[in-house]
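Values below: all heavy atoms of this structure, side chains included; hydrogens, waters and symmetry mates excluded.
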Amino acid sequence: MSEKRFDIVIAGGGMVGAALACALGEQHFRVAVIERQPAASDWPSNSHDIRVSAISRASQNIFTNLDAWRNMTDLGVTPYEQMVVWESGGAEIRFHAADIGEPDLGHIIENRVIQLALWQRMGQLETVQLFCPASISSLQLDELEPQVTLNDGTRLAAALIVAADGARSALREMAGISTTGWGYDQTAVVCTVQAELGNQASCWQRFMPSGPLALLPMETDLFSIVWSTTPEQAEELTSMSASEFNAALSRASERRLGELALIGERGAFPLRLQHARQYIKPGLALVGDAAHVIHPLAGQGVNLGLMDMAELVDVLLHARERQQPPGALPVLRRYERGRKGDNIAMQGAMDLFKKVFSNDLLPLKAVRNLGLGLANQLSPLRNLLIRNALGTLGSTPALTRSQTTTSARD
């Protein structure tokens, strides 16, 4: 049985795990990344990934600081300048980038584009070694030298193991960390559609009793659809013919973008809230979906995960400066304190939004309409909400700041 030694071992080469590997590799940590399957790298030019992410300004800054943003823009990103939120027969609120002097409110990017750009950057770093295809068969935790054993018998020793292997994290289970949460009794139907009136550089979201319908702009006249609804309706939507689906979707969007036409496949994903009872153990840290899963109605899932990894990078650099073991609990508690509260608050807010808006009681609908109307009329409140969504408020990890801002603070 062979053994290799690294500073950090990362289980999972998805968006968050790959970003963490790039960030640590650039800081001269010796990093191993373990991933079951390689990132997609060769897809037809007219195809689209049905899984996309709404990338905040903070996440864009992370990708820029990791020298991966240019690759993403080459592969294809779509900025949006406006967000429109409404419910049928009620009030609506519009957020404009121009209101706060920003060029856009964020970008919609296919998940495969994000992952490939990060893998391309990983490949340029001599400090990062990729084990793929590979999986972890066992975990041994220790504050000074935790270890994992791969399915081929290779043993990897490190100063810290990071679980970035998703909501069903095998590493989290091996570590004996339990989760809390519940299913939403909702399923997200996702696909790509073409809009008769173009995407208007805008995100659109309609709240309905069965769940929200989000239209996320891609290219000139395309949208990625995330339609959260009951499992029964989701099954109907994925099994009906394309023409029937187009008619149902156009009705649900109230034809604000004209007629909508399906392009490619449809997918369906059950929705749930999930949170790890702890983010750390001696020699182990959880990031991204391994630590928390959130309702997609605000598109904050991957952004929260990227904030996790950026916070962990700050903590590990701080520990290295003070010659502290990266896997020591006092070090890792700084990471957990820095992220757990924010993640719980965001989960709670999205859970509340889901419950408040997925209800057709007239008194509650009246309150919702009043709230949306007031928020739309009060510019300071509306602009504060925009800034919060950009991820630029308050004290944030170094990687989330723009290079200009970072230089000015230094």
**Request:** Would you mind reporting whether Ile34 and Ile10 have side-chain heavy atoms less than 4.5 Å apart?
**Result:** no

**Asked** Would you call the rings of His107 and Trp69 parallel, tilted or perpendicular if under 30° counts as parallel and over 60° as perpendicular?
**Response** perpendicular

**Item:** Side-chain heavy atoms of Asp308 within contact of Asn343, under 4.5 Å
**Value:** yes

**Prompt:** For Gln324, what residues pass the side-chain hydrogen bond (donor to acceptor under 3.5 Å, both in side chains) criterion, not counting sequence neighbours?
**Reply:** Arg334

**Phe269 six-ring centre to Arg51 NZ/CZ under 6.0 Å and within 45° of normal** = yes

**Prompt:** Do Phe95 and Gln82 come within less than 4.5 Å of each other through their side chains, counting heavy atoms only?
**Reply:** no

**Prompt:** Mind checking what makes side-chain hydrogen bond (donor to acceptor under 3.5 Å, both in side chains) contact with Tyr335, not counting sequence neighbours?
**Reply:** none

**Request:** Could you list the residues that satisfy salt bridge (charged side-chain N to carboxylate O under 4.0 Å, His left out) with Asp67, not counting sequence neighbours?
**Result:** Arg70

**Item:** side-chain contact (heavy atoms from CB on, under 4.5 Å) involving Ala261 - partner list, sequence neighbours excluded
**Value:** Asn246

**Inter-residue atom distance Leu316.CG - Leu24.CG, 0.5 Å rounding** = 6.0 Å

**Prompt:** Would a 4.5 Å heavy-atom cut-off, applied to side chains only, mark Leu284 and Ile280 as touching?
**Reply:** no

**Complete:** Closest non-hydrogen contact found for Met240 with Ala248 is SD-CB, 4.4 Å

**Request:** Please report the shortest heavy-atom distance between Asn303 and Ser56, naming the atom on each side.
**Result:** OD1-N, 3.2 Å

**Request:** Begin from the C-alpha positions of Glu254 and Trp86 and carry the test side-chain hydrogen bond (donor to acceptor under 3.5 Å, both in side chains) through to its verdict.
**Result:** CA-CA 11 Å; Glu254 298 187 328; Trp86 86 100; 2.8 Å; yes

**Message:** Can you tell me how far apart CZ (Phe223) and SG (Cys203) are? Round to the nearest 0.5 Å.
**Reply:** 8.0 Å

**Message:** Run the salt bridge (charged side-chain N to carboxylate O under 4.0 Å, His left out) test against Asp74 and tell me which residues pass, sequence neighbours left out.
**Reply:** none

**side-chain hydrogen bond (donor to acceptor under 3.5 Å, both in side chains) contacts touching residues 122-131 (sequence neighbours left out)** = Arg121-Gln124

**Message:** List the residues meeting salt bridge (charged side-chain N to carboxylate O under 4.0 Å, His left out) with Arg333, not counting sequence neighbours, and say none if there are none.
**Reply:** none

**Message:** Contact between Asp185 and Pro231 at the side-chain level, heavy atoms closer than 4.5 Å - yes or no?
**Reply:** yes

**Request:** Sorted by first residue and then second, give each ring-ring contact (aromatic ring centres under 6.0 Å, His included) pair with at least one member in residues 11-60; sequence neighbours left out.
**Result:** none

**Message:** Using a 3.5 Å distance criterion without hydrogens, assess whether the side chain of Asp165 forms a donor-acceptor pair with backbone atoms of Ala170.
**Reply:** yes

Got a list of side-chain donor-acceptor pairs under 3.5 Å for residues 173-181, not counting sequence neighbours?
| from | atom 1 | to | atom 2 | distance (Å) |
| --- | --- | --- | --- | --- |
| Ser178 | OG | Arg277 | NE | 3.1 |
| Thr180 | OG1 | His275 | O | 3.4 |

**Prompt:** Do the rings of Phe245 and Trp227 sit parallel, tilted or perpendicular, given the 30° and 60° boundaries?
**Reply:** tilted

**Request:** Without swapping roles, check the side chain of Gln147 against the backbone of Ala157 for a donor-acceptor pair under 3.5 Å.
**Result:** no

**Message:** Salt bridge check, Asp104 against Arg57: does any charged N sit closer than 4.0 Å to a carboxylate O?
**Reply:** yes

**Minimum-distance pair of heavy atoms, taken over all atoms of Glu311 and Gly338** = OE2-CA, 4.1 Å

**Fill in**
Sorted by chain and residue number, the salt bridge (charged side-chain N to carboxylate O under 4.0 Å, His left out) partners of Arg266 (sequence neighbours excluded) come out as none

**Asked** Which pairs pass side-chain hydrogen bond (donor to acceptor under 3.5 Å, both in side chains) with one or both residues in residues 131-140, sequence neighbours excluded?
**Response** Ser138-Thr149

**Prompt:** With sequence neighbours excluded, what pairs up with Gln200 under the side-chain hydrogen bond (donor to acceptor under 3.5 Å, both in side chains) test?
**Reply:** none

**Request:** With rounding to the nearest 0.5 Å, note down the distance linking CE in Met122 to CG in Leu116.
**Result:** 10.0 Å

